[in-house]
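The next block holds one structure in the form of structure tokens; read it before the comments.
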Protein chains: 2
Amino acid sequence: MTVTDHLLSIAEVAERVGVSTHTLRYYEREGLLLRPVGRASSTHRRYTDADVGWLRFLTKLRLTAMPIARIKEYAALARSGDDTEEARLELLLRHRMSVVAQLDEMTKSLAAIDYKIAGYRERTETR
Amino acid sequence: MTVTDHLLSIAEVAERVGVSTHTLRYYEREGLLLRPVGRASSTHRRYTDADVGWLRFLTKLRLTAMPIARIKEYAALARSGDDTEEARLELLLRHRMSVVAQLDEMTKSLAAIDYKIAGYRERTETR
DNA sequence: ATAGGACTTCGAGTGCGCTCGAAGTCAAAA
DNA sequence: TTTTGACTTCGAGCGCACTCGAAGTCCTAT
């Protein structure tokens with residue numbers, strides 16, 4: 001918390017991170033955040049830049065199909081201190097394998113789709 | 001239907017296509033197939049090579065996150081004859097855009113994950 | 001001071017894509 | 001011929017990740 005911290009409302013964070021305010025509250029309920037979100041006057045949430053940074057990373061994990069439960073594990077490790085760094089690294093490395101596999105499958109599927117498209121193109125343009 | 005056709009049971013198709021027999025029946029119920037699956041003795045399904053080919057392509061559409069409903073549209077077009085080829089081409093082209101976008105987002109996410117991994121590596125290996 | 005809108009919690013509802021189970025039928029091997 | 005196990009239909013159930021709505025509270029601008 002330095003002087004340069006912008007504390008953001010939930011709506012501002014939703015816009016910056018690209019999810020709904022409902023989803024932000026859901027993630028918090030599920031224990032996916034690294035620490036309790038600050039509150040203005042003990043009710044309205046106030047997010048730090050660090051919170052936003054983590055949420056942005058979280059959305060990348062989701063985008064690469066990491067289940068909520070796995071992200072929860074990762075967040076729990078991160079909350080448990082520095083001696084869980086190795087475990088976190090291993091978790092990310094395992095996830096990395098899955099992402100590479102997904103990219104590979106998608107790329108192969110794209111090739112099949114392109115092949116089909118080429119077929120239609122031939123028959124459509126020769127008309 | 002040539003002499004060289006291997007008619008396959010649902011279990012054999014499930015194995016070849018990489019989905020469960022339950023899923024195969026579900027796809028059929030949902031109207032995702034191009035034509036009625038043949039039957040042995042009017043009960044047990046018998047799939048042709050063409051059926052398997054379509055199912056393989058169908059799984060690639062699913063793998064690239066095309067919703068069941070869109071696949072249903074595509075199959076309906078394909079069933080409606082040759083004059084829907086242009087419409088099918090457009091559908092596939094639109095889907096292609098989405099696949100490319102997904103690949104791009106995934107690749108960017110992978111970069112973020114790799115960046116995080118590199119950070120852990122530094123701190124873990126310098127110990 | 002007051003109005004209006006953004007925020008709060010909490011539980012319930014939704015949509016998608018399967019996945020399962022029951023109850024029964026069929027067919028290939030011994 | 002009998003048995004075993006793969007097949008059939010049908011409707012219901014499930015898991016995931018949100019998404020929504022109700023009912024109430026708080027902040028900001030006028």
Side-chain angles (χ1 to χ4, degrees), chain A residues 6-33 36-48 51-52 55-75 95 98 102 105-106 109, chain B residues 6-33 36-48 51-52 55-75 95 98 102 105-106 109:
Chain A
H6 320 278
L7 292 178
L8 300 172
S9 71
I10 194 168
E12 290 166 326
V13 173
E15 195 201 341
R16 278 163 179 70
V17 173
V19 301
S20 71
T21 57
H22 281 299
T23 299
L24 285 176
R25 293 192 202 97
Y26 165 68
Y27 285 169
E28 187 178 337
R29 264 187 274 168
E30 289 298 305
L32 305 190
L33 301 198
V37 177
R39 301 287 166 144
S41 52
S42 77
T43 55
H44 291 198
R45 289 169 178 81
R46 286 294 175 264
Y47 294 82
T48 65
D51 292 330
V52 173
L55 283 165
R56 285 205 161 114
F57 185 63
L58 195 165
T59 61
K60 297 204 189 310
L61 295 180
R62 285 295 304 124
L63 217 136
T64 49
M66 183 183 286
I68 295 290
R70 193 92 36 87
I71 300 178
K72 197 184 308 198
E73 286 174 39
Y74 182 76
H95 182 57
S98 131
Q102 288 177 70
E105 283 184 318
M106 268 227 174
S109 296
Chain B
H6 320 277
L7 292 177
L8 299 172
S9 73
I10 193 168
E12 290 166 327
V13 172
E15 195 200 342
R16 278 163 180 71
V17 172
V19 301
S20 72
T21 57
H22 281 298
T23 298
L24 285 177
R25 292 192 203 97
Y26 165 69
Y27 285 168
E28 189 178 337
R29 262 188 277 170
E30 288 299 305
L32 306 189
L33 301 197
V37 177
R39 302 287 167 144
S41 52
S42 78
T43 55
H44 291 197
R45 289 169 178 80
R46 287 293 176 264
Y47 294 82
T48 65
D51 293 329
V52 173
L55 283 165
R56 285 205 161 113
F57 185 63
L58 195 164
T59 61
K60 298 204 189 309
L61 296 179
R62 286 294 306 125
L63 218 134
T64 50
M66 182 182 285
I68 295 290
R70 191 94 35 87
I71 300 178
K72 198 185 307 197
E73 286 174 39
Y74 181 76
H95 182 58
S98 131
Q102 288 177 68
E105 282 183 319
M106 266 227 174
S109 296

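Chain A is the first sequence line, chain B the second, and so forth, proteins listed ahead of strands; every chain is numbered from 1. Values in this document were obtained by computation on a predicted structure and should not be read as measured data.
Rounding to whole angstrom units, CG of residue B:Leu61 and C1' of C:dC18 are separated by 17 Å. Between the CG atom of A:Leu24 and the P atom of C:dC7 there is a distance of 11 Å, rounded to whole Å. Rounded to an integer number of Å, the gap from B:Arg25 CZ to D:dT9 P is 7 Å. Straight-line distance from the NE2 atom of A:His44 to the C1' atom of C:dT9: 12 Å, rounded to whole Å. Following rounding to the nearest Å, B:Ile10 (CD1) and C:dT19 (C1') show an atom-to-atom distance of 14 Å. The distance from atom CD of B:Glu28 to atom C1' of C:dG17 is 17 Å, rounded to the nearest whole Å. At whole-Å resolution of the value, CZ in B:Arg46 and C1' in D:dC7 are 9 Å apart. Rounded to whole Å, atom C1' of C:dG13 lies 14 Å from atom OH of A:Tyr26.
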CA sep, side-chain torsions, deciding dist, call: A:Thr64, A:His95, side chain to side chain donor-acceptor pair (under 3.5 Å):
CA-CA 9 Å; A:Thr64 49; A:His95 182 57; 2.8 Å; yes
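If you check every strand for non-hydrogen atoms under 4.0 Å, A:Ser9 touches sugar and phosphate atoms only. Looking at heavy-atom distances under 4.0 Å, A:Ala11 makes contact with sugar-phosphate atoms alone, never a base. Within the 4.0 angstrom heavy-atom criterion, only backbone atoms of the sugar-phosphate kind lie near B:Arg39; the bases stay farther away. Among the atoms of the strands shown, only primed sugar atoms or phosphate atoms (P, OP1, OP2) are found under 4.0 Å from some heavy atom of A:Arg45. A:Thr21 comes within 4.0 angstrom of nothing in the nucleic acid, heavy atoms only.
Taking CG from B:Leu33 and OH from B:Tyr47, the interatomic distance works out to 6.5 Å, rounded to the nearest 0.5 Å. If you take CG on A:Leu24 and CG on A:Leu32, they are separated by 10.5 Å, rounding to the nearest 0.5 Å.
Side-chain contact between B:Tyr27 and B:Arg62: present, with at least one pair of heavy atoms (C-beta onward) separated by less than 4.5 Å.
Closest approach to the B:Arg29 side chain among D:dA17, C:dT19, D:dC7 is made by C:dT19 (side chain taken as heavy atoms from C-beta onward). Closest contact between the side chain of A:Pro67 and the listed nucleotides C:dG17, D:dA6, D:dA17 involves D:dA17.
Of the residues near DNA chain D, A:Thr43 and A:Thr23, the one whose nearest nucleotide (by heavy atom distance) lies more toward the 5' end is A:Thr23.
A close approach under 4.0 Å does occur between a side-chain nitrogen or oxygen of B:Arg62 and OP1 or OP2 of C:dC18. The side chain of A:Tyr27 places an N or O atom within less than 4.0 Å of a non-bridging phosphate oxygen (OP1 or OP2) of D:dC18.
Remark: B:Arg70 CZ is loosely packed, at most 12 non-hydrogen atoms of other residues, nucleotides or ligands lying under 6.0 Å away.
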